[in-house]
Undergrad: 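My questions will all concern the structure given below.
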Amino acid sequence: SPKKSIVAGPGNPPVVVDETADIRKAARNIVDGAAFDNNVLCTGEKQCFVVASVADELKREMVAYSAVELDTRQIDALTKKAFSPPKEPGGHWILNRDLVGKDASVLAKAIGLTVPANTQILFGETGTSNPFVPEEQMMPFVPFVRAKNSDHAIDMALEYEHGFRHTSIIHTRNVNTMTKMGRLMETTLFIKNG
């Protein structure tokens, strides 16, 4: 029988990180959340929309906390291993079930990369068209998308959460930004700085 696609289902939790966030804490929380159960759970961090002015700092902190950043070529290779194109126009990408719930080292090995034994997650910069952004991939790779500002990050988070109203996450010290995202997302779980 043909493989059925695993689609973004009960949760595709976006993370927003703005310029006021405690970047070190945000990095550790993102790594811990996406690494837990190798990101199989529907509450795990599936994609990160980060304000461009703090993106490089966030990435440095994540690397310092046992995450490995992939370059564009490596992300493309992992995307090809993790997904098959939709069978029909407008359909969902088909997830490679052999990679679901695997350790970051297994994902790395699939693209010919050896990572340190303590690597918790892989991450890297993508555009929103990369299937890791709209699909719930259930593996420890987190795509990073740069945002112009917190409003832009929230808008992308809203779009790629798909209206499931399950879980959304923000790292900010700005109460107004928290409130705005919470009201727009209307998710059952809205995690602030955690």
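These figures come from a predicted structure and were not determined experimentally.
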Undergrad: Can you tell me how far the CE atom of M185 sits from the CD1 atom of I169, to the nearest 0.5 Å?
TA: 9.5 Å
Undergrad: Measure the spacing between CG of L189 and CZ of R165 and express it to the nearest 0.5 Å.
TA: 14.5 Å
Undergrad: Working note: F164 + H162, criterion ring pair (Phe, Tyr, Trp, His ring centres under 6.0 Å); need CA distance, chi angles, decisive distance, verdict.
TA: CA-CA 6 Å; F164 295 134; H162 303 296; 5.6 Å; yes
Undergrad: Do Y65 and V15 sit in the same hydrophobic cluster, where Ile, Leu, Val, Met, Phe, Trp and Tyr count as joined when their side-chain heavy atoms come under 4.5 Å apart?
TA: yes
Undergrad: First locate atom CD of E136, then atom CD of E161, and finally report the distance between them rounded to the nearest 0.5 Å.
TA: 10.0 Å
Undergrad: For side-chain contact (heavy atoms from CB on, under 4.5 Å), just list the numbers for D76 and R73, CA-CA rounded to whole Å, side-chain angles, deciding distance to a tenth of an Å, and then say yes or no.
TA: CA-CA 5 Å; D76 289 346; R73 183 188 55 78; 5.7 Å; no
Undergrad: Using the side-chain contact (heavy atoms from CB on, under 4.5 Å) rule, take M156 and V145 through it: C-alpha gap first, then chi angles, then the decisive distance, then the call.
TA: CA-CA 9 Å; M156 287 189 289; V145 180; 3.8 Å; yes
Undergrad: Check the angle between the aromatic planes of F49 and Y160 and answer parallel, tilted or perpendicular using the 30° and 60° thresholds.
TA: parallel
Undergrad: Is it true that E125 and R146 make a salt bridge, defined as a side-chain N closer than 4.0 Å to a carboxylate O?
TA: yes
Undergrad: Using every non-hydrogen atom in the two residues, find where T79 and P131 come nearest and quote the distance to one decimal.
TA: CG2-CG, 3.6 Å
Undergrad: Is the side chain of D18 donor-acceptor paired with the backbone N or O of A21 at a distance under 3.5 Å, no angle test?
TA: yes
Undergrad: Do N39 and K46 meet the criterion of a side-chain donor-acceptor pair at a distance under 3.5 Å?
TA: yes
Undergrad: Keeping the roles fixed (side chain from E135, backbone from Q137), state whether a donor-acceptor pair exists under 3.5 Å.
TA: no
Undergrad: What's the shortest heavy-atom distance between V51 and N149, and which atoms?
TA: CG2-C, 3.6 Å
Undergrad: Report the distance from atom CD1 of I30 to atom NE2 of H171, rounding to the nearest 0.5 Å.
TA: 5.0 Å
Undergrad: Is it the case that atom CZ in R28 sees more than 12 heavy atoms from other parts of the structure closer than 6.0 Å?
TA: yes
Undergrad: Quick one: pull up CE in M62 and CG in N29 and give me the separation to the nearest 0.5 Å.
TA: 10.5 Å
Undergrad: Between P134 and N12, what is the shortest heavy-atom contact and its length?
TA: O-ND2, 3.1 Å
Undergrad: Please confirm whether the backbone N or O of V115 pairs with a side-chain atom of T119, one donor and one acceptor, at under 3.5 Å?
TA: no
Undergrad: Decide side-chain contact (heavy atoms from CB on, under 4.5 Å) for H166 and T187; before the verdict, give the C-alpha distance in whole Å, the side-chain angles of both, and the deciding distance to 0.1 Å.
TA: CA-CA 5 Å; H166 189 291; T187 51; 5.6 Å; no
Undergrad: Between N174 and T177, is there a donor-acceptor pair closer than 3.5 Å when you use the side chain of the first and the backbone of the second?
TA: yes
Undergrad: Is it the case that one hydrophobic cluster holds both V50 and I191, taking links as side-chain heavy atoms less than 4.5 Å apart, direct or via other members?
TA: yes
Undergrad: Does atom CZ (F36) have a neighbourhood of more than 12 heavy atoms from anything else shown, all under 6.0 Å?
TA: no
Undergrad: How far apart are the C-alpha atoms of F83 and L95, what are their side-chain angles, what is the distance that settles it, and do they pass the side-chain contact (heavy atoms from CB on, under 4.5 Å) test?
TA: CA-CA 5 Å; F83 295 98; L95 184 59; 3.8 Å; yes
Undergrad: Answer yes or no: is there a side-chain heavy-atom contact under 4.5 Å between K59 and D56?
TA: yes
Undergrad: What are the two closest non-hydrogen atoms of L99 and K81, and how far apart are they?
TA: CD1-O, 3.8 Å
Undergrad: Would you say the ring centers of F123 and F141 fall short of 6.0 Å from each other?
TA: no
Undergrad: Which pair of non-hydrogen atoms, one from V133 and one from G127, has the smallest distance, and what is that distance?
TA: CG2-O, 3.5 Å
Undergrad: Return the minimal non-hydrogen interatomic distance between I75 and N130, and the atom names on each side.
TA: CG2-ND2, 3.8 Å
Undergrad: If you define the side chain from C-beta out and look only at heavy atoms, does anything of I170 sit under 4.5 Å from F190?
TA: yes
Undergrad: Decide whether S84 and N96 meet the rule of one side-chain donor and one side-chain acceptor closer than 3.5 Å.
TA: no
Undergrad: In Å, rounded to the nearest 0.5 Å, how long is the span from CD1 of I111 to CD of Q74?
TA: 5.0 Å
Undergrad: The test is side-chain hydrogen bond (donor to acceptor under 3.5 Å, both in side chains); show your working for S66 and Q120 and say whether it passes.
TA: CA-CA 6 Å; S66 64; Q120 294 190 70; 2.8 Å; yes
Undergrad: Using only atom types and a distance under 3.5 Å, with no angle test, would you say the side chain of D37 pairs donor to acceptor with the backbone of V40?
TA: no
Undergrad: For K80, I'd like to know if atom NZ has over 12 heavy atoms of other residues, nucleotides or ligands within 6.0 Å.
TA: no
Undergrad: Tell me, do V17 and C48 make a side-chain contact under 4.5 Å, heavy atoms counted?
TA: yes
Undergrad: Quick one: are P116 and V68 in side-chain contact, heavy atoms under 4.5 Å?
TA: yes
Undergrad: Less than 4.5 Å apart, any side-chain heavy atom of F144 and any of T126?
TA: no
Undergrad: Does any N or O in the side chain of N193 come within less than 3.5 Å of the main-chain N or O of T172, such that one atom is a donor and the other an acceptor?
TA: yes
